[in-house]
Amino acid sequence: MTQEAQIAKKMPRNGSAQKELLHYSSFLKKEKIKNHSNASSVKHDMLVFLVDDDAFFLNALYYYLTDSLSPKIRLKTFSTGEECLKAMDENPDIIVLDYMLSAESSKAMNGLSYLKKINEVSPDTLVVMLSAQDNVDVALETINEGAYDYLSKSETAFIRLKNIIKNITETISENIEQEKAEKVTNRLNFFIILLLILLFIIGQLTE
Amino acid sequence: MEKSLDLSYLQNISMGNKEFVLKLLQTFVEQTSLEMEKIHELSLKKDWDSLSASAHKIKPSFHFVGALEMEALLNTIEIEAKDKSKLAELPAHISIFLKACKEIIIAVKKEIENL
C-alpha cells in the first residue's frame, strides 16, 4: 500500500466528493509536512531544488525567489531531472519540478516519472509540480502520485510558489519548535515525578 | 502580427531590480534564439512531436515579455504539431512565428540597451 493510500485510509470522511477531495488534499499536505518535520528536525537551513529545462523560466524563478525568500532558504537550479536525481543525497526539503521536462537524452523521463523516482528515493521531500498547462486532470494525477502541490505557469505562479515555500518552511519551523517544547515538557514532568517520589521516600523514612 | 513588448509583468516580479530584468532579458535572447533555430530544424525534419515539445517549452517566456500574440501562436503550433490534425497549416504558422520571433529578439535587445 502506498503512503498516500495509507494516509487516505486514516483520513476522516466528511460529505460530498468535491469536499472530500479538497479535504484529502489538505490532509495529505499536513501529513507530508508532519513527516518532513520529523525527518528534518536536525537541520536548520532549508534547501530548495528548482528543476526546469526552460532556462528563462528557471532563471526568472531563481532570481525572484532569491529576492523574496529568507536567506536561510538555499536555492539550487537544475535543467534536467537526471541532474536533480544525482543531487538527491543533499537532502532537499522542497523540489519545484516541471511537469513536462523534455527528453534531452534517451534515459530522460518526464516530470511525472521523476516525481515517482523522487518519492522512492526521498519520500519526505515535498514536491511542487509546475506545468505550462492549467489542466485539472494533470493536477489530480500529480497529487495522486504524491506531489505536495500543483501550479500552472500563469501570471500568479511566482507569488503562489513563494507563498507555498514560505508556508512550508514556517509550518516546519513551528513543528520543530513544538517538538522541542514537547521534549522540554516531558523532561520537566519526569523530574517533577522523580521529585515527588523522592519526597515520598524521605517522608516514609522520617516517619 | 503585433510584435510589441510589454515588460510590466517582468518589472513587477523583479520588484524594481534592474539587474534582475537585464539578466532575464539576456536569457530570453539566448534561449529564444536557440529554440528558434531548433524549431526551424525540426520543421524541416518534420519531427512534429519534438517541435510540439519545443513550442511548449518556450511558450511561458513570451508571456513574461508581454508578447501575448506570440504565446497564443506557439500554443496553436504546439497543438497542431502534437495532434497532427492540421499539418497543412502548420508550416505557415511556423513561418509566421520565425519571422515575428526575429523581430521580438531585436526589440528585446533594444530594451537591454536602454536599461
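Side chains included, hydrogens not; waters and symmetry mates left out as well; all remaining heavy atoms used. Throughout, protein chains are lettered first and strands after them, A, B, ... in sequence-line order, and every chain is numbered starting at 1. Values in this document were obtained by computation on a predicted structure and should not be read as measured data.
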Once you round to the nearest 0.5 Å, how far does [atom1] of [X] lie from [atom2] of [Y]?
| X | Y | atom1 | atom2 | result |
| --- | --- | --- | --- | --- |
| I13(B) | D67(A) | CD1 | CG | 10.0 Å |
| L24(B) | N59(A) | CG | CG | 6.5 Å |
| K153(A) | K59(B) | NZ | NZ | 9.5 Å |

Listed partners of K116(A) passing side-chain contact (heavy atoms from CB on, under 4.5 Å), at least two apart | E145(A)

With a 4.5 angstrom heavy-atom cut-off, which part of S154(A) approaches chain B: side chain, backbone, both or neither?
-> backbone

Proximal component of Y64(A), with respect to chain B [non-hydrogen, under 4.5 Å] =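 Contact with chain B: backbone and side chain both.
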
Part of N17(B) within contact of chain A (heavy atom distance under 4.5 Å) =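 When you check distances to chain A, only side chain atoms of N17(B) fall under 4.5 Å.
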
Hey, which residues of residues 25-36 of chain B are touching chain A, say heavy atoms under 4.5 Å apart?
-> T27(B), F28(B), Q31(B)

What about F20(B) and Y62(A), are their ring centers closer than 6.0 Å?
->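 No; Y62(A) has its ring centre 6.0 Å or more from that of F20(B).
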
Heavy atoms of S61(B) and F56(A) approach each other most closely as CB-CD2, 3.3 Å

Is K86(A) atom NZ crowded by more than 12 heavy atoms from other residues, nucleotides or ligands, each under 6.0 Å away?
-> no

Answer yes or no: does atom NZ of K162(A) have more than 12 heavy-atom neighbours from other residues, nucleotides or ligands under 6.0 Å?
->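 Enclosed.
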
Can you list the residues that meet the side chain to side chain donor-acceptor pair (under 3.5 Å) rule with K102(B), with sequence neighbours excluded?
->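 Residues passing side chain to side chain donor-acceptor pair (under 3.5 Å) with K102(B): none at all.
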
Can you list the residues that meet the side chain to side chain donor-acceptor pair (under 3.5 Å) rule with H56(B), with sequence neighbours excluded?
->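 Expected list: E78(B).
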
